*Asks:* 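Following this message is one structure expressed as structure tokens.
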Amino acid sequence: MSDSVTAGPAEWINLPDVSAKLDVSISKVHQMIRDGHLLAVRRDGVRVVPAELVANSTVLKHLPGVLTLLRDSGYNDEEALKWLYEPDETLDGNAAKGLGGHRAREVKRRAQALGF
């Protein structure tokens, strides 16, 4: 799969930095990714996480639910990343930004609608 996304995060953080930011072990970060609570993709051979998905020393509240909805709709991690960062001004710029603000319920609703 390609390492490029049409629209994407402004900043990436590697897994050890995610571990430090969340104040959890690197093993816990890997478990969060396996459990679908966090999205990580490979860029230049290194697994990274969009920085805005890890805010205020925690994963965005609604991210795990949205990732579950996207996966249930058949999206892989790259496709989920593209969906989260597709430009959409009605969601404060894109779904990832909407999750961090007052548009989180709308993001979840749209992700849920993908399954129908």
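Just so we're clear, the structure is a prediction, and the values are computed from it rather than from any experiment.
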*Asks:* So Trp83 and Val66, do their side chains get closer than 4.5 Å, heavy atoms only?
*Replies:* yes

*Asks:* Residues in side chain to side chain contact (heavy atoms under 4.5 Å, CB included) with Leu69, at least two apart?
*Replies:* Ala111, Gln112

*Asks:* Quick one: list whatever passes salt bridge (charged side-chain N to carboxylate O under 4.0 Å, His left out) with Arg105, sequence neighbours left out.
*Replies:* none

*Asks:* Which atom pair, heavy atoms only, marks the closest approach of Ala55 to Leu60?
*Replies:* CB-CD2, 3.9 Å

*Asks:* Would you mind reporting whether Leu114 and Tyr75 have side-chain heavy atoms less than 4.5 Å apart?
*Replies:* yes

*Asks:* Hey, does the side chain of Asn76 reach the backbone of Glu78 with a donor-acceptor pair shorter than 3.5 angstrom?
*Replies:* yes

*Asks:* Look up atom CG in Leu53 and atom NZ in Lys97, then write down how far apart they are to the nearest 0.5 Å.
*Replies:* 12.0 Å

*Asks:* Tell me, please, which residues at least two apart from Arg103 pass side-chain hydrogen bond (donor to acceptor under 3.5 Å, both in side chains).
*Replies:* none

*Asks:* Would you say Ile33 and Leu15 make side-chain contact, with heavy atoms under 4.5 Å?
*Replies:* yes

*Asks:* List the residues meeting side chain to side chain contact (heavy atoms under 4.5 Å, CB included) with Glu89, not counting sequence neighbours, and say none if there are none.
*Replies:* none

*Asks:* Just to verify, what does Ser57 make a side chain to side chain contact (heavy atoms under 4.5 Å, CB included) with, not counting sequence neighbours?
*Replies:* none

*Asks:* Is Met32 close to Val59 at the side-chain level, that is, under 4.5 Å between some pair of heavy atoms?
*Replies:* yes

*Asks:* Quick test of your reading: applying salt bridge (Lys or Arg N to Asp or Glu O under 4.0 Å), list the pairs with at least one residue in residues 106-116, sequence neighbours left out, ordered by first then second residue.
*Replies:* Asp88-Arg110, Glu106-Arg109, Glu106-Arg110

*Asks:* What pairs with Asn14 under side-chain hydrogen bond (donor to acceptor under 3.5 Å, both in side chains), at least two apart in sequence or on another chain?
*Replies:* none

*Asks:* Can you list the residues that meet the salt bridge (charged side-chain N to carboxylate O under 4.0 Å, His left out) rule with Arg71, with sequence neighbours excluded?
*Replies:* Asp77

*Asks:* For Glu79 versus Gly74, what's the shortest heavy-atom pair and its separation?
*Replies:* OE1-O, 3.6 Å

*Asks:* Please list, chain by chain and in numerical order, all residues satisfying side chain to side chain contact (heavy atoms under 4.5 Å, CB included) with Thr68, sequence neighbours excluded.
*Replies:* Asp72

*Asks:* Pair Val29, Val49 - check side chain to side chain contact (heavy atoms under 4.5 Å, CB included), show working.
*Replies:* CA-CA 11 Å; Val29 172; Val49 172; 5.8 Å; no

*Asks:* Could you pull out the closest heavy-atom pair between Tyr85 and Pro50, with the gap in Å?
*Replies:* OH-CB, 3.1 Å

*Asks:* For a quick test of your reading: what N or O donor-acceptor pairs under 3.5 Å do the side chains of residues 18-27 make, sequence neighbours left out?
*Replies:*
unit_1	atom_1	unit_2	atom_2	d
Ser19	OG	Val24	O	2.4
Ser19	OG	Ile26	N	3.4
Lys21	NZ	Val54	O	2.9
Ser25	OG	Lys28	N	3.1

